[in-house]
Amino acid sequence: MAEQRTMSKRDQNLAQIREKATEIAERIVLEQGRDALSARGLAAEIGVSVGSLYNAVGDLEAVLRTVISNAAGILSQELETAVATAPDDKRARLVALGEAYFDFALTEPQRWWLLFEYRSHAEPDQKMQDFQAGLLEMLIRAGEGDVTSNRHRQVFLQLWASVHGLVTLACRPTIVTVDPVEARTYIGELVDTGLHVVAES
C-alpha cells in the first residue's frame, strides 16, 4: 500500500488560510451582514496579505459559497430532526417541517438570507441546486407523496413556496408588517391545502 502523500508546507499554509477565512467570514456575516465582508478586512483578520488570501481561496465568492454550504448543512439537519421527532402522521411531519423552517429563518436570519435571498437573481450553482432538490424530496417523503410523480413534485413545491413566502414576509422588513408569531400559525392551513390537492391528484 502506497504511503499517503503528505502536504507540502505551502499547501498546509493555504489550507489553514482557507479554514480561517471561512470561520472569520462566517462570523462577520452572521454578526454584521454580507456588506461588512471584504477581502481586505478578511485578510487583515487572518493576518495575511490580500494576495495570499486570494491564492488560498480563489476569491471572496468562494469563501461565501463555503459559508452558504455550512448554512445549508445546519438547515438540513434541523429539518431532518423535525421530521424524525414529529408524530408519525404526514400532516404532523409537514407542519413540523414548516415550523422548523420558520424558526430557522427567525433565529438564523443571516444564514437564511444567504441561502434564499443572497444573489437570488443569479442561477444557483450545482451544490445549491442539489440542496434545494434535497429539501423538496424531504418534503414529498414527509407528506407520503410520490417523488417520481411530476404532479406531486409540483404540488409540494408550491406548498414549500407558500410557506417560504409567509416566512419571507414575516422575517424581513416590508411595507406591510406581518407578525411572525401569528404568521407561524398559518402553516397548518397551508399544509392542509397542499394535502388536499395531493389527495385529488
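Bear in mind that the values here come from a model prediction, so they are computed numbers and not experimental data.
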Which is it for Arg27 and Glu23 under the salt bridge (Lys or Arg N to Asp or Glu O under 4.0 Å) test, yes or no, and what are the steps along the way? CA-CA 6 Å; Arg27 173 177 56 76; Glu23 179 183 334; over 6 Å; no
I'd like to know if Leu97 and Leu136 are part of one continuous hydrophobic network [Ile/Leu/Val/Met/Phe/Trp/Tyr, side-chain heavy atoms within less than 4.5 Å]. yes
Sorted by chain and residue number, the side-chain contact (heavy atoms from CB on, under 4.5 Å) partners of Ala25 (sequence neighbours excluded) come out as Leu37, Leu42, Val63, Val67
Membership question, hydrophobic clusters at under 4.5 Å side-chain separation (ILVMFWY): are Tyr186 and Phe156 in the same one? yes
With sequence neighbours left out, what residues match Glu108 under side chain to side chain donor-acceptor pair (under 3.5 Å)? Arg111
Are Ile28 and Ile74 linked, directly or through other ILVMFWY residues, by side chains that come within less than 4.5 angstrom of each other? yes
Atom CD of Gln32: over 12 foreign heavy atoms under 6.0 Å: yes
Between Asp146 and His152, the two heavy atoms sitting closest are N-ND1, 2.9 Å
Could you tell me whether the side chain of Leu64 reaches within less than 4.5 Å of the side chain of Val29, counting heavy atoms only? yes
Which heavy atom in Ala86 sits nearest to a heavy atom in Ala92, and how many Å separate them? CB-O, 4.0 Å
Grouping I, L, V, M, F, W and Y whenever their side-chain heavy atoms are under 4.5 Å apart, do Ile24 and Ile17 come out in a common cluster? yes
Looking only at heavy atoms, the pair that brings Cys171 and Leu106 closest together is SG-CD2, 3.5 Å
Aromatic ring pairing Tyr101/Phe116, orientation class (parallel under 30°, perpendicular over 60°, tilted between): perpendicular
In the structure I gave you, are the side-chain heavy atoms of Arg18 and Thr22 within less than 4.5 Å of one another anywhere? no
Same apolar cluster: Phe102 and Val83, side chain cutoff 4.5 Å: yes
If I compare all heavy atoms of Val95 with all of Gly188, which pair ends up nearest, and what's the gap? CG2-CA, 4.0 Å
Exercise: identify the closest heavy-atom pair between Val50 and Arg40: CG2-CA, 3.9 Å
Scanning both residues in full, the closest heavy-atom pair of Val178 with Ala183 reads CG1-CB, 3.8 Å
